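Just so it is clear: chains get the letters A, B, ... in the order the sequence lines come, proteins before strands, and each one is counted from 1. None of the values given here were measured: they were computed from a predicted structure.
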Protein chains: 2
Amino acid sequence: MARKQGSHAGITGPRVQDTALRLFAQHGFAAVSMRQIAAEVGVQAGALYNYTADKQSLLFDLLQGNMTDLMGGLDSADLKGPPLSRLEGFTRFHIRYHLPRRDLVFLSYMELRNLSESNYATIARLRRAYEDRLEAILLDGVASADFAIDDCRIATLALIAQLTGITNWYRPDGRLSEEQVAETYWGLVRRTVAARSHA
Amino acid sequence: MARKQGSHAGITGPRVQDTALRLFAQHGFAAVSMRQIAAEVGVQAGALYNYTADKQSLLFDLLQGNMTDLMGGLDSADLKGPPLSRLEGFTRFHIRYHLPRRDLVFLSYMELRNLSESNYATIARLRRAYEDRLEAILLDGVASADFAIDDCRIATLALIAQLTGITNWYRPDGRLSEEQVAETYWGLVRRTVAARSHA
DNA sequence: GTCTATAGGTAGATAGAC
DNA sequence: GTCTATCTACCTATAGAC
């Protein structure tokens with residue numbers, strides 16, 4: 001059965017999301033107009049409203065999808081074993097997840113303030129849950145005397161900031177491969193927690 | 001000599017800067033209108049143009065002032081002695097400077113993309129100069145075998161990201177004082193560079 | 001230095017034809 | 001599902017009175 005002329009369900013939808021992500025990251029949520037997004041997708045502005053209730057939902061869906069993928073990815077990484085192994089697994093997963101998604105990461109940190117109160121609460125809860133995964137590893141490591149950390153909450157936030165900061169300077173065509181970056185940062189992380197090297 | 005009615009030179013100017021800073025940090029540069037700023041300052045929108053050429057200059061002046069103060073503050077900190085002492089001085093200065101300026105720090109990271117090309121280049125140059133100060137300390141420490149670091153450029157960026165990230169969670173009325181935060185982070189930094197504790 | 005008024009343009013979102 | 005047209009509201013920046 002032939003579609004109506006100009007109908008592109010299943011094609012336009014993802015393109016709207018991709019385009020919005022790129023433009024929001026590049027210019028900021030507030031600076032991007034629905035008309036700009038539509039123009040890059042190749043439709044008229046009105047047509048966007050077949051895919052999103054409004055501009056705010058477009059942002060929220062991107063951020064929520066990101067956090068859901070992040071948590072799901074961490075679950076799939078299935079970290080096991082002693083604290084040091086789990087910390088290495090977390091570090092490498094975090095880098096592996098974030099490096100190919102620099103736009104999304106930037107958006108997730110910069111545009112939280114443009115979310116409605118309830119949407120913000122949802123994202124903040126997911127982020128906190130992610131942080132708690134790392135903190136649990138650190139607490140275990142301290143309990144087993146593998147790590148020497150004064151304040152596991154602070155160390156958690158410090159490590160995540162350090163690792164996420166990679167997205168500010170990393171370029172796929174730069175001097176370091178993703179693997180080299182992961183290796184270097186794992187070295188920094190291991191020493192930060194004062195892990196016994198080969199106990 | 002009586003001023004003209006409604007004239008407040010020297011009062012309105014700083015208030016415009018302060019208000020713009022607060023609103024830009026809260027809602028984003030593009031999301032804040034000149035009318036909003038004017039309303040909070042207590043003047044009409046047109047009056048703002050006695051203090052700034054346009055909206056973009058308002059942002060640039062804030063960011064440039066921040067970087068100038070940062071570099072000047074680091075000079076005043078006058079770091080001397082062996083690498084470990086200078087690293088401690090840098091760490092404590094960075095925290096001391098950034099914690100009371102959380103809005104400005106947020107703005108400096110988030111709104112670079114709203115600067116014109118030449119304004120951006122100016123800010124980027126200043127930031128690079130600041131990073132180079134830390135990198136020089138790390139390189140010295142490696143040369144003297146006080147530090148064990150594979151890649152000093154990476155370590156520089158990692159440490160700055162870690163320290164600047166404090167502004168994302170620190171609250172003046174939180175469980176930790178500025179001094180306690182500085183102490184905890186200096187511990188993390190010292191171990192990250194694998195400094196010999198009391199050699 | 002501040003005001004009012006306004007020029008000239010763009011914003012988000014909706015209605016109804018196809 | 002997409003289009004055109006449009007509503008209503010807001011934007012930055014300027015002009016000229018006081």
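Each of L21(B), T52(B), T19(B) was evaluated against I37(B); a single residue qualifies, T19(B), per the side chain to side chain contact (heavy atoms under 4.5 Å, CB included) test.
Listed by first and then second residue, the salt bridge (Lys or Arg N to Asp or Glu O under 4.0 Å) pairs involving residues 94-110 of chain A amount to none (not counting sequence neighbours). The stretch residues 84-93 of chain A participates, sequence neighbours left out, in these side chain to side chain donor-acceptor pair (under 3.5 Å) pairs: R86(A)-D140(A), E88(A)-R92(A), R92(A)-E183(A).
With sequence neighbours excluded, no residue satisfies salt bridge (Lys or Arg N to Asp or Glu O under 4.0 Å) with R171(A). Take F29(B) and apply the ring-ring contact (aromatic ring centres under 6.0 Å, His included) test, not counting sequence neighbours, and it matches F24(B). In this structure, Q26(B) has no side-chain hydrogen bond (donor to acceptor under 3.5 Å, both in side chains) partners at least two apart in sequence or on a different chain. Residues satisfying the side chain to side chain contact (heavy atoms under 4.5 Å, CB included) criterion with S177(B), sequence neighbours excluded, are E179(B), Q180(B).
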Give me, pair by pair, the N or O atoms of the protein and of nucleotides 4-8 of chain D that are less than 3.5 Å apart, along with how far apart they are.
none

Extract all donor-acceptor atom pairs below 3.5 Å that involve side chains of residues 58-68 of chain A and protein atoms in other chains or at least two apart in sequence.
residue	atom	partner	partner atom	Å
N66(A)	OD1	Y97(A)	OH	2.8
N66(A)	ND2	S108(A)	OG	3.0
T68(A)	OG1	Q64(A)	O	2.8

Show every donor-acceptor pair shorter than 3.5 Å between a side-chain atom in residues 128-138 of chain B and any protein atom, with sequence neighbours excluded, or say none if there are none.
residue	atom	partner	partner atom	Å
R128(B)	NE	D132(B)	OD1	3.3
Y130(B)	OH	H94(B)	ND1	2.6
E131(B)	OE1	R153(B)	NH2	2.6
R133(B)	NH1	D75(B)	OD1	3.2
R133(B)	NH2	D75(B)	OD1	2.7
E135(B)	OE1	R153(B)	NH1	3.0

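Side-chain atoms of T167(A) come within 3.5 Å of backbone atoms of T164(A) as a donor-acceptor pair (strictly under, hydrogens ignored). Formation of a donor-acceptor pair under 3.5 Å by the R191(A) side chain with backbone atoms of R190(B) is not found in this model.
What separates OH of Y49(B) from P of dG16(D) is a distance of 18 Å, to the nearest Å. In this structure, Q36(A) places its CD atom 7 Å from P of dA11(C), rounding to the nearest Å. The CD1 atom of I37(A) sits 15 Å away from the C1' atom of dT10(C) (whole-angstrom rounding).
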**Item:** Per-nucleotide pairing state of DNA chain D [Watson-Crick or G-U, under 3.5 Å; [ ] pseudoknot-crossing; | other strand]
**Value:** ||||||||||||||||||

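Within the 4.0 Å cut-off from OP1 or OP2 of dT2(C), at least one side-chain nitrogen or oxygen of T12(B) is found.
For the atom pair CH2 (W169(A)) and CD1 (I166(A)), the distance works out to 6.0 Å, reported to the nearest 0.5 Å.
Within residues 52-61 of chain B, no residue has a heavy atom under 4.0 Å from DNA chain C. Sorted by residue number, the members of residues 27-34 of chain B with any non-hydrogen atom under 4.0 Å from DNA chain D read V32(B), S33(B), M34(B).
Grouping the Ile, Leu, Val, Met, Phe, Trp and Tyr side chains by contacts below 4.5 angstrom, directly or via other members, places L139(B) apart from L74(B).
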